[in-house]
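Some notes on the structure that comes next.
All values reported here derive from a predicted model rather than from experimental measurement. Whatever order the structure lists them in is the order used to number ligands and atoms, beginning at 1.
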Amino acid sequence: MRLTRYFLPVLKETPAEAQIVSHRLMLRAGMIKQASAGIYSWLPLGYKVLRRIEAIVHEEQQRAGHLPILMPTLQSADLWRESGRYDAYGAEMLRIKDRHDRDLLYTPTAEELVTDIFRAHVSSYKDLPLTLYQIQWKFRDEIRPRFGVMRGREFYMKDGYNFDLTREDALHAYNRHLVSYLRTYERMGLQAIPMRADSGPIGGEDTHEFLVLAETGESEVFYDSAVTEIRLGARDIDYDDHAQCRAVMEEFTALYARTDETHDEAEFAAQVPPERQRRARGIEVGQIFYFGTKYSEPMGALVTDADGNRVPVHMGSHGIGISRLVGAIIEASHDENGIIWPEAVAPFQCGIVNLRQGDAAADAACETLYAGLKARGLDILYDDRDERAGGKFATMDLIGLPWRITVGPRGLARGVVELTSRRTGEAEEMSAEAAIDRVAGIFAAEPRPCSERSP
Ligand code: 5CA
């Protein structure tokens with residue numbers, strides 16, 4: 001993409017309404033624009049990041065054997081009356097009437113609708129296990145939407161639902177989700193720690209939230225510092241292997257790690273040596289629930305088991321805050337000059353800065369680099385504006401592309417361009433051909449999911 005043809009409305013001033021760094025940087029980098037309280041338009045740069053994150057979530061869900069579907073945002077209130085949640089959900093639910101005076105609502109989550117799909121089409125244990133998920137907009141009329149996309153009213157969420165014959169199978173689905181979430185966050189360059197939490201309006205007996213540690217996080221967390229040392233890494237996981245998934249779950253949840261909803265001072269003091277006790281803040285980027293037959297029983301989602309009995313299925317639901325993750329990644333990865341995108345989610349993998357637009361040699365070298373990198377399958381932003389070098393560097397630093405190639409007449413006279421890492425600031429001179437090889441090599445290690453591909 002040539003910057004002169006792109007739409008990147010960067011702001012010079014820091015917007016006064018933004019209280020935390022990710023919100024400030026998203027506005028300054030022209031990623032989002034507020035439409036109304038807690039509701040945002042995603043501009044080209046922000047939308048690209050959202051799609052990158054979404055693509056990783058799709059890949060990891062399908063790797064775990066979960067099937068993508070898409071359910072509507074507007075749902076009939078009648079289904080929610082069956083589960084009893086139409087009245088129980090409270091003011092966070094946006095209720096709407098159609099022209100026939102029928103009650104609709106904008107989905108805050110989708111346990112009822114997915115259970116309705118299940119009961120219409122599945123009636124035998126032979127069709128289990130089954131996990132359906134979607135990535136879809138949600139609406140919760142939060143009292144205090146704030147921090148930009150972190151606590152929106154409209155937000156983008158992956159929500160998945162497992163259907164299993166037994167409690168034991170449903171707990172495997174819980175563990176499988178836990179493992180696949182760890183993998184998903186690690187791929188995005190994030191550490192998200194599973195912490196015992198409270199189940200809130202979703203209900204259920206077992207739940208973990210995934211928290212990214214950050215001073216600006218809305219949740220208060222208490223944990224044993226040793227949990228921050230554990231990584232999933234490149235382990236080969238067989239998602240059908242109950243024992244293996246349970247072992248990973250136990251490894252990641254054995255040490256004390258809880259949100260304030262379930263924190264217990266006495267247990268904390270008894271279980272964690274004083275030098276490892278941490279009280280901090282975190283951003284909740286996902287949550288998994290096991291709730292058994294809470295929805296299947298009242299809604300009649302039954303299957304015939306091997307003995308011919310009709311039994312309610314055991315369920316759980318599992319969410320990832322996709323739009324919130326954009327903010328969370330920025331909170332975890334930025335400096336005073338702007339965003340530092342992890343390579344897997346960067347909107348463009350590399351930027352090209354032409355220090356002397358209009359200089360024949362500089363323009364030609366930039367065109368060679370641009371064409372060469374694109375031919376290697378990379379997504380490139382070429383700053384071809386007629387602007388001072390300082391302004392171009394400031395824009396590149398602000399929007400946080402992981403790599404930058406700087407091209408100027410002085411370097412070209414010596415046959416070199418400069419390749420700079422946004423994260424370390426380290427710069428290295430090399431020929432244009434070598435720069436293309438180097439950048440292509442960095443991204444060849446993990447082929448990035450194609451954001452435009454359907455799942
Ligand atoms: N039905 C379950 C799982 S699918 C559910 O709704 N879970 S949830 O309420 O925990 O939401 C899942 C994730 O969505 C949260 O972990 C959080 O990352 C994100 N989320 C929730 N509310 C908001 C909000 N107001 N703005 C942005 N993201 C949110």
Would you mind telling me if ligand 1 is within reach of the side chain of [X], the backbone, both or neither, using heavy atoms under 4.0 Å?
X: Phe210; answer: neither
X: Ile288; answer: neither
X: Thr109; answer: side chain

Taking atom types as modelled and ignoring hydrogens, do the side chains of Glu265 and His263 form a donor-acceptor contact shorter than 3.5 angstrom?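 Note: Glu265 and His263 side chains meet the donor-acceptor criterion.
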In this structure, are over 12 heavy atoms from other groups packed under 6.0 Å from Lys12 atom NZ?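 Atom NZ in Lys12 is not packed in, count stays at 12 or less.
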Flag if over 12 foreign heavy atoms under 6.0 Å of CD1, Ile143: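 No, the 6.0 Å shell around CD1 holds no more than 12 heavy atoms from other groups.
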Judged on heavy-atom distance to [atom], which of [options] sits nearest?
atom: atom 9 (O) of ligand 1; options: Glu209, Arg324, Arg140; value: Arg140
atom: atom 2 (C) of ligand 1; options: Gly319, Gly38, Ser317; value: Ser317
atom: atom 24 (C) of ligand 1; options: Phe155, Tyr133, Phe147; value: Phe155

Output the list of atoms in ligand 1 that are nearer than 4.0 Å to some heavy atom of [X], sorted by atom number.
X: Val149; answer: 27 (C)
X: Glu111; answer: 1 (N), 2 (C)
X: Gly286; answer: 16 (O), 18 (O)
X: Glu284; answer: 10 (O), 15 (C), 16 (O), 17 (C), 18 (O)
X: Val285; answer: 16 (O), 18 (O)
X: Asp159; answer: 4 (S)
X: Arg151; answer: 26 (N)
X: Gln287; answer: 10 (O), 16 (O)

Quick one: look up the protein heavy atom nearest [atom] and list residue, atom name and how far away it is.
atom: atom 27 (C) of ligand 1; value: Met150 O, 3.3 Å
atom: atom 13 (C) of ligand 1; value: Gly321 N, 3.9 Å
atom: atom 7 (N) of ligand 1; value: Phe289 CE1, 3.5 Å
atom: atom 26 (N) of ligand 1; value: Gly152 N, 3.1 Å
atom: atom 11 (O) of ligand 1; value: Met157 CE, 3.4 Å

Tell me which one of His318, Lys158, His58 satisfies side chain to side chain donor-acceptor pair (under 3.5 Å) with Tyr133.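 So the option named by the test is His58.
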Pick out which of Thr107, Asp159, Thr109, Thr73 makes a side chain to side chain donor-acceptor pair (under 3.5 Å) with Lys138.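 It is Asp159; the other options fail the test.
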Does at least one non-hydrogen atom of [X] fall below 4.0 angstrom from an atom of ligand 1?
X: Arg153; answer: no
X: Ser323; answer: no
X: Tyr156; answer: no
X: Leu325; answer: no

Please lay out, stage by stage, how Ser180 and Arg63 fare under the test side chain to side chain contact (heavy atoms under 4.5 Å, CB included). CA-CA 8 Å; Ser180 74; Arg63 196 194 303 278; over 6 Å; no
Distance in Å, Ser421 OG paired with Ile442 CD1, rounded so as to fall on 0.5 Å steps: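 Ser421 atom OG to Ile442 atom CD1 measures 8.0 Å (nearest 0.5 Å).
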To the closest 0.5 Å, what do you measure between CZ (Arg422) and CD1 (Ile399)?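 One gets 10.0 Å once the value is rounded to the nearest 0.5 Å.
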Do the rings of Phe222 and Phe268 sit parallel, tilted or perpendicular, given the 30° and 60° boundaries?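 Perpendicular.
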Closer than 4.0 angstrom, basic N to acidic O: yes or no for Glu17 and Arg24?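 Looking at Glu17 and Arg24, the cut-off is not met.
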Would Arg281 and Glu215 pass as an ion pair if we require N to O under 4.0 Å?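 No, this pair does not count.
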Min N/O separation Gly160 to ligand 1 under 3.5 Å: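 The answer is no, given that Gly160 and ligand 1 share no N or O pair closer than 3.5 Å.
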Looking only at distances, please establish whether an N/O atom of ligand 1 is found under 3.5 Å from an N/O atom of Lys158.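 There is no such contact.
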Could you tell me which non-hydrogen atom of Met299 sits nearest to which non-hydrogen atom of Glu112, and how far apart they are?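 The pair with the smallest heavy-atom distance is CE-O, 3.4 Å.
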Search all heavy atoms of Tyr295 against all heavy atoms of Thr115 and return the closest pair with its distance.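 Taking Tyr295 first and Thr115 second, the nearest heavy atoms are CB-OG1, 4.1 Å.
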Centre-to-centre under 6.0 Å for Phe289 and Tyr161, is that the case here?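 Ring-ring flag for Phe289/Tyr161: false, centres at least 6.0 Å apart.
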Determine whether the aromatic ring centres of Phe210 and Tyr185 lie less than 6.0 Å apart.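 Ring-ring flag for Phe210/Tyr185: true, centres closer than 6.0 Å.
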